[in-house]
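Below is one structure; the comments refer to it alone.
Each chain gets a letter, A, B and so on, in the order its sequence line appears, and its residues count up from 1.
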2 protein chains.
Amino acid sequence: MARKTGSHSEITGPKIRAEAQRLFARHGFAAVSMRQIAAAVGVQAGALYLYTSDKEALLFDLLKTHMDELIAAWRAEAPAGAEPLAALEAFVRFHIRFNLERAEVVFLSYMELRNLSEENFAVIEGLRKTYETELEQILMAGQAAGVFLIPDTKLATMAIIAMLTGVNTWYREGGRLSRATVADIYWDMVRKAVGA
Amino acid sequence: MARKTGSHSEITGPKIRAEAQRLFARHGFAAVSMRQIAAAVGVQAGALYLYTSDKEALLFDLLKTHMDELIAAWRAEAPAGAEPLAALEAFVRFHIRFNLERAEVVFLSYMELRNLSEENFAVIEGLRKTYETELEQILMAGQAAGVFLIPDTKLATMAIIAMLTGVNTWYREGGRLSRATVADIYWDMVRKAVGA
DNA sequence: GTCTATACCACGATAGAC
DNA sequence: GTCTATCGTGGTATAGAC
């Protein structure tokens with residue numbers, strides 16, 4: 001017996017997060033209304049509050065989950081005990097691939113931080129810092145081993161991450177270059193930039 | 001005889017743009033109301049419409065002016081007939097300096113493009129493309145002359161601009177490094193990245 | 001050129017029926 | 001768990017007095 005209403009919490013919860021992510025990425029957090037999200041999910045606006053305490057919590061949940069998954073994915077993939085050069089190459093390829101696979105939420109992570117409360121902002125910033133430190137430690141190890149020639153590992157960390165994340169702003173599926181080719185080219189530039 | 005009301009259009013116009021830029025950069029275009037802008041300027045909300053046709057036109061005016069000034073400033077400063085290596089160094093130092101000097105509107109240019117109408121978006125994108133082409137031509141000239149070793153000048157253009165613009169996300173006045181030192185370090189990394 | 005006043009609409013969030 | 005209905009607020013933009 002199909003019915004129009006009833007219990008769908010296992011479907012509705014993830015669907016709300018998915019639609020919110022899509023709409024926030026497309027139009028911006030402040031420009032998207034709870035009514036729009038509800039319409040995209042197929043429920044009434046009031047029903048959203050069964051799954052989230054308020055609009056900001058919805059954004060924070062998306063960003064927090066993303067950062068946790070980013071760090072966990074890198075740590076699962078990082079070659080243990082590898083030489084700095086191999087570790088750096090792994091990082092470059094991982095960052096480009098992971099960010100292209102999750103372009104929407106990556107975009108959110110860069111654009112919508114200021115819509116978080118002070119406490120929630122600090123949480124996301126801390127996770128971002130944790131991720132950046134993973135790269136910086138590779139650079140420092142390579143510098144100490146004499147295989148990299150980097151004037152400042154802190155600035156090199158920021159420069160490399162900005163450069164890699166920038167791929168998301170112009171890459172289009174089905175364009176001139178495949179993801180693998182883009183990764184090859186960026187790895188070439190990063191390798192040279194650190195003097196390896 | 002001072003009077004409370006009267007003609008102030010020569011002051012009010014620029015003041016509206018300045019306050020709008022500050023508020024848009026701080027809170028995001030969609031999150032700032034016309035009432036907030038008016039309050040910061042010291043007029044009533046309705047008075048803003050003497051200077052702008054609507055809220056989006058205010059944003060477009062800021063971005064268009066910025067892009068025009070960016071391109072004009074670079075063309076005024078670009079060393080005429082210089083070697084590719086010198087031209088690239090000039091570009092790197094110019095981009096970092098100009099963007100740090102105008103951090104607010106640069107931030108807007110990256111964050112608020114989606115709040116423009118289709119036509120206005122195309123105008124800004126065209127100007128951005130024009131600016132990027134200035135760099136790409138330097139890279140192509142150096143590649144042709146054999147002084148650069150770049151796998152793909154298009155990607156190198158995007159990578160370098162992303163890397164340089166990224167300085168704006170972390171640089172704080174009075175921090176560990178001066179602007180000049182930051183420019184030195186970034187120039188070192190860019191120079192190596194292009195194989196020079 | 002700026003003001004007050006306001007039209008009109010959409011917002012986030014909640015209450016209570018089913 | 002979802003619905004309808006609604007509260008209170010604040011949004012953009014305009015009208016008309018001064």
Side-chain angles (χ1 to χ4, degrees), chain A residues 1-24 26-63 108 112 114-118 120, chain B residues 1-63 108 112 114-117 120:
Chain A
M1 303 293 178
R3 53 178 180 165
K4 291 277 165 58
T5 64
S7 178
H8 297 290
S9 66
E10 285 160 25
I11 299 173
T12 305
K15 215 170 163 189
I16 288 171
R17 283 187 286 278
E19 293 296 340
Q21 177 172 305
R22 192 178 61 83
L23 288 166
F24 288 164
R26 191 156 308 180
H27 307 291
F29 174 79
V32 172
S33 70
M34 295 297 268
R35 284 171 167 84
Q36 274 177 274
I37 298 168
V41 171
V43 299
Q44 296 295 318
L48 298 180
Y49 291 87
L50 297 167
Y51 301 91
T52 185
S53 58
D54 57 20
K55 195 184 172 191
E56 191 226 309
L58 203 45
L59 175 63
F60 177 67
D61 182 46
L62 292 171
L63 299 190
L108 283 186
E112 305 295 356
R114 58 183 163 191
N115 291 297
L116 296 175
S117 69
E118 215 169 312
N120 286 345
Chain B
M1 302 295 176
R3 53 179 180 163
K4 289 279 165 55
T5 65
S7 179
H8 298 291
S9 68
E10 286 159 25
I11 300 173
T12 306
K15 214 169 164 189
I16 288 171
R17 283 187 287 278
E19 293 296 340
Q21 178 172 304
R22 192 178 60 82
L23 288 166
F24 289 164
R26 190 157 306 180
H27 307 292
F29 175 78
V32 173
S33 70
M34 295 298 267
R35 290 201 238 271
Q36 276 178 272
I37 298 168
V41 171
V43 299
Q44 295 296 317
L48 298 181
Y49 291 88
L50 297 168
Y51 301 91
T52 185
S53 58
D54 58 19
K55 193 184 171 190
E56 191 225 310
L58 203 46
L59 176 63
F60 177 67
D61 182 45
L62 292 171
L63 299 190
L108 284 185
E112 305 295 357
R114 59 183 162 188
N115 291 298
L116 296 175
S117 70
N120 286 344

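Annotation: side chain of B:T52 is not in contact with side chain of B:I16 (no heavy-atom distance under 4.5 Å). A:Y51 is not listed as a side-chain neighbour of A:L58, based on a closest heavy-atom distance of 4.5 Å or more. Inter-residue side-chain proximity for B:F29 and B:R114 is flagged as unmet; no heavy-atom pair is nearer than 4.5 Å.
Using modelled atom types, no side-chain atom of A:Q21 and backbone atom of A:L62 make a donor-acceptor pair closer than 3.5 Å.
The two atoms that bring A:A30 and B:A31 nearest to each other are CB-N, 4.0 Å, heavy atoms only. For A:A45 against A:R35, the heavy-atom pair with the smallest separation is CB-CG, 4.1 Å.
Atom-to-atom, CG of B:L50 to P of D:dG16 comes out at 16 Å; the value is rounded to the nearest Å. Atom C1' of nucleotide D:dG1 and atom OH of A:Y51 are separated by 6 Å, given to the nearest angstrom. The distance from atom NZ of B:K15 to atom C1' of C:dG1 is 15 Å, rounded to the nearest whole Å. Atom CD1 of A:I16 and atom C1' of D:dG1 are 11 Å apart (whole Å).
Here A:T12 reaches the OP1 or OP2 of D:dT2: one of its side-chain N or O atoms lies under 4.0 Å away. In terms of phosphate contacts, B:Q44 brings no side-chain nitrogen or oxygen within less than 4.0 Å of OP1 or OP2 of C:dC3.
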Taking only nitrogen or oxygen atoms into account, show me every contact under 3.5 Å that the protein makes with nucleotides 7-11 of chain C, one pair per line with its distance.
residue	atom	partner	partner atom	Å
C:dC11	OP1	A:S33	OG	3.0

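Distances from the side chain of B:Y49 to the nucleotides D:dT14, C:dT2, D:dC3 place D:dT14 closest.
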